[in-house]
Amino acid sequence: MLEALEAGGWGMYPTLLAGLALLVTSLRYANRPDSRYVPLLLTLGLFTLFAGGLGFVTGIMNLLRAYAGPLTSEGPAVLYLGVQEALHNIALALLMTTVSAIAASVGAWRLARQARAAAVSATVPTR
């Protein structure tokens, strides 16, 4: 995991930080579902994906700059390696958002059950 973090370059750090914040918020939402967390979950999810995308794009830009300069004689194999390294940013963003989405789904399910139980108890006549 540390090798992938290093291979992805600087873009891995904001992606990791955003993903960890998303994961913590998702776990809190799963534990104590409250609709006030939904906007935070959405924005942290987008931030995580955007940070991963930005890390990928800047990795590709650096790769192409190096390939046009000092790595020209290396051949196309260096391009494949560079793209693979840049894709670490996307992979981390997708991993963090997928795990967080699973946790958030548990919270949404629990919130729906609470709402249904509240609706059922409101319709039952009391004597």
Side-chain angles (χ1 to χ4, degrees):
M1 181 66 181
L2 290 175
E3 290 175 13
L5 193 66
E6 185 178 319
W10 70 268
M12 296 290 277
Y13 298 105
T15 305
L16 181 63
L17 290 175
L20 289 174
L22 174 63
L23 184 59
V24 167
T25 306
S26 298
L27 291 172
R28 180 162 173 101
Y29 180 71
N31 189 34
R32 281 188 238 139
D34 189 349
S35 59
R36 66 187 170 126
Y37 290 118
V38 174
L40 183 59
L41 288 168
L42 290 173
T43 55
L44 285 172
L46 287 172
F47 179 40
T48 303
L49 291 172
F50 291 159
L54 180 62
F56 172 74
V57 168
T58 57
I60 294 296
M61 290 168 62
N62 288 334
L63 167 66
L64 293 176
R65 186 180 315 113
Y67 188 70
L71 297 179
T72 303
S73 62
E74 296 294 321
V78 74
L79 288 175
Y80 302 134
L81 180 62
V83 170
Q84 184 262 341
E85 288 181 357
L87 281 170
H88 281 90
N89 291 280
I90 299 291
L92 179 62
L94 292 174
L95 175 68
M96 298 301 279
T97 54
T98 300
V99 172
S100 297
I102 292 169
S105 296
V106 170
W109 176 74
R110 292 181 71 198
L111 189 62
R113 285 189 59 207
Q114 289 173 359
R116 187 178 62 192
V120 169
S121 67
T123 60
V124 174
T126 57
R127 294 184 180 192

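When a residue number appears, it is its place in the shown sequence, counting from 1. Atom set for the values below is all heavy atoms of this structure, side chains included, hydrogens, waters and symmetry mates excluded. On a predicted model such as this, the values are computed, not experimentally measured, just so you know.
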Problem set entry | Sequence-distant partners of Ser105, side-chain contact (heavy atoms from CB on, under 4.5 Å), two or more places apart | none
Exercise. Applying the 4.5 Å side-chain criterion to the ILVMFWY set and letting contacts propagate, would Leu44 and Val106 be lumped into a single cluster?
Worked result: no
Seminar exercise, completed: Under a side-chain separation threshold of 4.5 Å, the hydrophobic residues clustered together with Val83 are Leu49, Phe56, Val57, Ile60, Met61, Leu63, Leu64, Tyr67, Leu71, Val78, Leu79, Leu87, Ile90, Leu94
Seminar exercise, completed: Rounded to the nearest 0.5 Å, the CG atom of Leu81 sits from the CD atom of Glu74 at a distance of 10.5 Å
Seminar exercise, completed: Scanning both residues in full, the closest heavy-atom pair of Gln114 with Pro33 reads NE2-CG, 4.0 Å
Problem set entry | Residues that Ala7 engages under side-chain contact (heavy atoms from CB on, under 4.5 Å), provided they are two or more places apart | Glu85, His88
Exercise. In the hydrophobic clustering that connects Ile, Leu, Val, Met, Phe, Trp and Tyr at side-chain heavy-atom distances below 4.5 Å, which members other than Phe47 occupy its cluster, ordered by chain and number?
Worked result: none
For this session: Would you mind listing every side-chain hydrogen bond (donor to acceptor under 3.5 Å, both in side chains) that reaches into residues 22-42, with sequence neighbours excluded?
Result: Arg28-Tyr37, Asp34-Arg36
Exercise. Atom CG of Leu41 and atom OG1 of Thr97: how far apart are they, to the nearest 0.5 Å?
Worked result: 12.0 Å
Exercise. Which heavy atom in Thr48 sits nearest to a heavy atom in Met96, and how many Å separate them?
Worked result: CG2-CB, 4.2 Å
Exercise. Any idea which heavy atoms bring Gly11 and Asn89 closest together, and the distance?
Worked result: C-OD1, 3.0 Å
Exercise. When hydrophobic residues are tied together by side-chain contacts of less than 4.5 Å, even through go-betweens, does Leu46 share a cluster with Leu40?
Worked result: no
Exercise. To which residues is Val99 joined in a hydrophobic cluster, defined by side-chain heavy-atom contacts under 4.5 Å among Ile, Leu, Val, Met, Phe, Trp and Tyr, whether direct or through other members?
Worked result: Leu23, Leu27, Leu95
Exercise. Do Trp10 and Leu16 belong to the same hydrophobic cluster, where Ile, Leu, Val, Met, Phe, Trp and Tyr are linked whenever their side-chain heavy atoms lie under 4.5 Å apart, directly or via other members?
Worked result: no
Problem set entry | Greater than 12 external heavy atoms within 6.0 Å of Glu6's CD | no
